[in-house]
Amino acid sequence: MIDDFLYGTAGDTGPLAEVEAAVRAAAAAEIVPRHRKLAAHEIIEKSGPHDLVTAADRLAEEHLTAALTKLLPGSVVVGEESVHADPAVYDALGGDAPVWIVDPVDGTRQFVRGEAGFCTLVALAQHGEVHASWTYAPILGEMAVAVRGRGATLNGTPIHAGAPAPGAVLNVALSHPDYTTDAQKRALLGLRTEGIAARPCGSAGLEYLAVARGELDATAFNWEYAWDHAAGLLLVTEAGGAQSTLAGVPFRIAGGNDLPFTAARDEATAERILTALRAGG
């Protein structure tokens, strides 16, 4: 069903462009007009000061839900805000229907601060497999698209993760410590070692894009919400990169992963990060 939607019977990529247009339209209507113009009542804490939601998040997700399900009848949406309202929505990731996985504003803290480092993430999945993804940073003017088995592009130009230079220090973005268990903190401490320069992550979607374009060597994340990772993991993979959980198996978007996990520019870098995480744990 998804293959028919994405390519039709003659390799038509029109639907890919239609999804891209829908993502751009949602950002133009609901996100960009509120950038640096949020009123105090439009910003709400969810679980704490680092977990924010704004009017832009809610309205953009509503916009995308209507547009995407219209493009693919019978599909459903698992979005960050819809799951916050009803956790049972997340169960659709294990169902039979095609699923749009949506993070309307990834990097809400950056958005609230008026910075440019946020993006909208959309992925299309079925039966636990991600088939296509869109990463859109409207203020930066960047649209990255990945299609399973067909590569990754940034603003229409193919991108490749490449590999770090031999012996180079690895630059790694890792989870914010506020969202880690004690065991995960110990694992992440394994990255505080010679040859690895670790820093807290910003927008997960933009960190994945940095890996896919070869500007960041790896990520190490310990939370598994699909809306943060589905789009970026496909983007990295289609750019030639690698990803793995601590158990040495690929990340599962429906959850139940052995954390932390990594996405990296190549297999050797991923294994080096996993080795450091295991040493820390």
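With His35 contributing its side chain and Glu115 its backbone, the two residues share a donor-acceptor pair below 3.5 Å. In this structure a side-chain-to-backbone donor-acceptor pair under 3.5 Å is missing from Asp266 to Gly241. Glu80 contributes no side-chain N or O that, together with a main-chain N or O of Pro104, makes up a donor-acceptor pair within less than 3.5 Å. Asp106 places no side-chain N or O within donor-acceptor distance of the main-chain N or O of Leu121, the cut-off being under 3.5 Å. Counting only distance, with no hydrogens or angles, the side chain of Asp57 and the backbone of Glu81 share no donor-acceptor pair below 3.5 Å. A donor-acceptor pair is defined here as one N or O able to donate and one able to accept, closer than 3.5 Å; such a pair exists between the side chain of Glu207 and the backbone of Gly202. Of the possible donor and acceptor atoms, one in the side chain of Ser133 sits under 3.5 Å from a partner among the backbone N and O of Ala231. Under a 3.5 Å cut-off, the side chain of Ser75 and the backbone N or O of Val99 do not form any donor-acceptor pair.
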**Item:** Criterion side-chain hydrogen bond (donor to acceptor under 3.5 Å, both in side chains) on Thr269 and Asp217, from CA distance to verdict
**Value:** CA-CA 7 Å; Thr269 302; Asp217 295 315; over 6 Å; no
**Request:** Evaluate the ring pair (Phe, Tyr, Trp, His ring centres under 6.0 Å) criterion for residues Tyr225 and Trp227: first the C-alpha distance (whole Å), next the side-chain angles of each, then the deciding distance (0.1 Å), finally the verdict.
**Result:** CA-CA 6 Å; Tyr225 292 126; Trp227 50 78; 4.9 Å; yes
**Asked** Could you go step by step and tell me if His229 and Trp223 meet the side chain to side chain contact (heavy atoms under 4.5 Å, CB included) rule?
**Response** CA-CA 9 Å; His229 304 300; Trp223 80 97; 3.5 Å; yes
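Counting heavy atoms from C-beta outward, Leu124 and Val19 have side chains that stay 4.5 Å or more apart.
The existence of a salt bridge linking Arg34 and Glu30 is confirmed by a sub-4.0 Å separation between a basic side-chain nitrogen and an acidic carboxylate oxygen.
For Thr237, the side-chain contact (heavy atoms from CB on, under 4.5 Å) test picks out Gln243, with sequence neighbours left out.
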